[in-house]
Amino acid sequence: MTQLMLYNTRTRAKEAFTPIDPANVRAYLCGPTVYDRAHLGNARNVVVFDILVRLLRRLYPRVTYVRNITDIDDKINTRAKERGVSIEEVTEGPIRWYHEDMGALYTLPPDIEPRATAHLGEIIEMIERLIANGHAYEAAGHVLFSVASDPDYGKFSGRTPDELIAGARVDVAPYKRDAGDFVLWKPSTPDLPGWDSPWGRGRPGWHIECSAMSWRHLGENFDIHGGGDDLIFPHHENEIAQSCCAFPGSKFANVWVHNRMLLVNGEKMSKSLGNFLVLHDVLEKAPGEAVRFLLMRSHYRSTLDFSDAGLVEARRELDRFYRALEAFPDMAASDQVPASVLWPLLDDLNTPGAIAALHALADAALAGDAKAAAGLHAAGQVLGLFNVTSAEWFAGDVPAAVTALVEARIAARAAKDFAASDRLRDEIAALGYAIQDGPRGAYKLRKA
RNA sequence: GGUCCGGUGGCAGAGUGGUGAUGCAGCGGACUGCAAAUCCGCGUAUGUGGGUUCGAUUCCCGCCCGGACCUCCA
């Protein structure tokens with residue numbers, strides 16, 4: 001059983017995944033707009049896609065994973081103006097932090113990481129095509145996409161143009177033909193970053209860069225497009241409209257994979273609410289692998305309500321797996337992922353189901369089953385787990401002060417001075433380490 | 001207001017038209033100088049009212065509650 005099933009937002013149904021070209025599966029994930037630190041919601045999105053890509057790589061010989069960086073944006077411009085620096089100086093830090101933080105979660109880098117600033121040519125070419133095809137028009141220095149020109153507009157997100165207008169909570173610019181028309185290109189005043197175009201010096205609107213970059217790197221029609229479900233409208237609806245109208249007859253992405261939002265205290269983390277958890281801060285509280293594990297403990301299409309208690313629990317579950325692996329230090333590496341783990345993953349990335357299977361393997365491994373331990377380790381590769389050794393997981397680099405106390409305690413126990421022994425255990429605990437005694441004076445240390 | 005999604009044991013969280021995974025926490029026992037870890041065992045759940053069915057947690061309808069989108073957002 002190696003058939004991957006994926007829920008496709010386009011059809012609102014779980015479908016058997018069939019690549020356009022089995023020799024090269026092409027996938028695109030909407031990446032960050034780089035003006036700030038990544039938050040935990042970004043992390044969920046990237047971890048989910050990371051598992052999908054790892055799984056696809058087991059099933060197909062080649063996967064091209066593209067994740068863009070949006071480095072043209074009005075929020076970036078605002079920051080640059082506030083600080084009196086160039087937009088490159090604003091985006092440099094956030095791009096570096098993004099790589100560091102996602103790396104700390106053991107997510108694989110994309111094969112191609114295109115930037116909007118390097119794709120103005122493609123962006124302009126697409127806009128020219130849209131104008132030539134009668135799907136876009138110039139007005140007041142802007143170029144706008146005409147939603148009325150696209151009979152399919154709204155189908156993806158399940159809305160009619162009337163609904164969109166009725167629900168509009170923003171003022172409609174007077175130069176728009178329809179309230180739903182959106183900007184492809186807008187003029188830049190001299191104090192703002194801009195690029196020369198047939199419509200004068202300006203900059204692209206929000207949605208066009210993803211259409212241009214996916215076209216450049218994956219073609220007019222590719223397999224999978226991912227993102228958070230808050231992007232379904234308007235971002236992905238608009239991407240589809242632009243791409244399908246610029247390339248008549250193309251289908252753009254075949255399968256759309258959207259993860260649900262991460263909640264904090266029952267509410268969506270969002271920039272406007274200001275309640276978002278900065279990933280870097282969460283990584284101060286727990287190992288990256290525990291944060292990653294927390295994000296896979298619920299299905300990607302369910303809401304996940306973050307809590308510190310959940311983080312602690314994620315870490316304890318991983319403790320158990322590392323204990324199971326620890327029992328087989330010389331285990332030969334295997335890439336045979338047990339069917340019990342693979343099967344739920346193939347069924348629309350059911351990570352909680354896979355984790356349940358991991359626990360069964362851990363039980364067997366703790367009972368002495370070497371094959372189960374090898375299977376557990378192999379399963380970790382497809383899930384992006386077990387990236388460190390058990391010793392590193394439990395203790396990391398032990399400070400000299402702790403080692404000295406441990407040695408003093410061994411001596412005390414040998415002398416059966418249990419009062420001293422218990423006192424030393426408390427002192428070790430005060431330094432953040434727990435000690436476990438084993439047979440014949442053996443012991444294990446772990447970070448509290 | 002429109003559209004959509006969900007409500008499972010103390011908590012987290014899957015699956016399923018036919019005796020409700022898994023984990024964490026809790027309880028009892030073994031082991032231990034005491035612990036920890038490990039092992040054995042235990043308990044508790046499908047929001048609510050109808051309908052379809054031999055049988056529903058699973059399908060359908062109403063209600064209640066929660067969340068998302070309709071605006072920047074992963």
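Letters A, B, ... mirror the listed sequences (proteins, then strands); counts begin at 1.
- Nucleotide C4(B) forms a Watson-Crick or G-U wobble pair with G67(B), both donor-acceptor distances falling under 3.5 Å.
- Rounded to the nearest Å, the gap between the P atom of A21(B) and that of G49(B) is 24 Å.
- Counting any heavy atom pair closer than 4.0 Å across all strands shown, Ile355(A) reaches no nucleic acid atom.
- For Asn42(A), a side-chain nitrogen or oxygen approaches OP1 or OP2 of A74(B) to under 4.0 Å.
- A donor-acceptor contact shorter than 3.5 Å is absent between the side chain of Asn8(A) and the backbone of Ala13(A).
- The side chain of Arg297(A) contributes no N or O atom lying less than 4.0 Å from OP1 or OP2 of G23(B).
- Note on Asp437(A): a base of the nucleic acid sits closer than 4.0 angstrom, heavy atoms only.
- One finds no side-chain N or O of His299(A) lying less than 4.0 angstrom from the OP1 or OP2 phosphate oxygen of G13(B).
- Remark: the separation of the C1' atoms in U58(B) and G47(B) is 16 Å, to the nearest Å.
- Nucleic acid contact class of Arg323(A) (heavy atoms, under 4.0 Å, all strands): sugar-phosphate only.
- Residue contacts shown for Lys75(A) are limited to sugar-phosphate atoms, with no base heavy atom under 4.0 Å away.
- Within 4.0 Å of Leu29(A), counting heavy atoms only, lies no atom of the nucleic acid at all.
- A straight line from CG of Asp229(A) to C1' of G67(B) spans 10 Å, rounded to a whole angstrom.
- Residue-level contact check: Asn259(A) touches the bases, meaning some heavy atom is under 4.0 Å from a base atom.
- Contact annotation: Arg316(A) does not reach the phosphate of A12(B) (side-chain N/O to OP1 or OP2, under 4.0 Å).
- Base contact: Asp422(A) has a heavy atom under 4.0 Å from a base atom.
- Shown here, G49(B) forms a base pair with C61(B); the pair counts as Watson-Crick or G-U wobble because both key distances fall under 3.5 Å.
- Distance Glu313(A) CD to G26(B) P: 12 Å, rounded to the nearest Å.
- Below 30°, between 30° and 60°, or above 60°: for Phe182(A) and Phe145(A) the angle between ring planes is below 30°, a parallel geometry.
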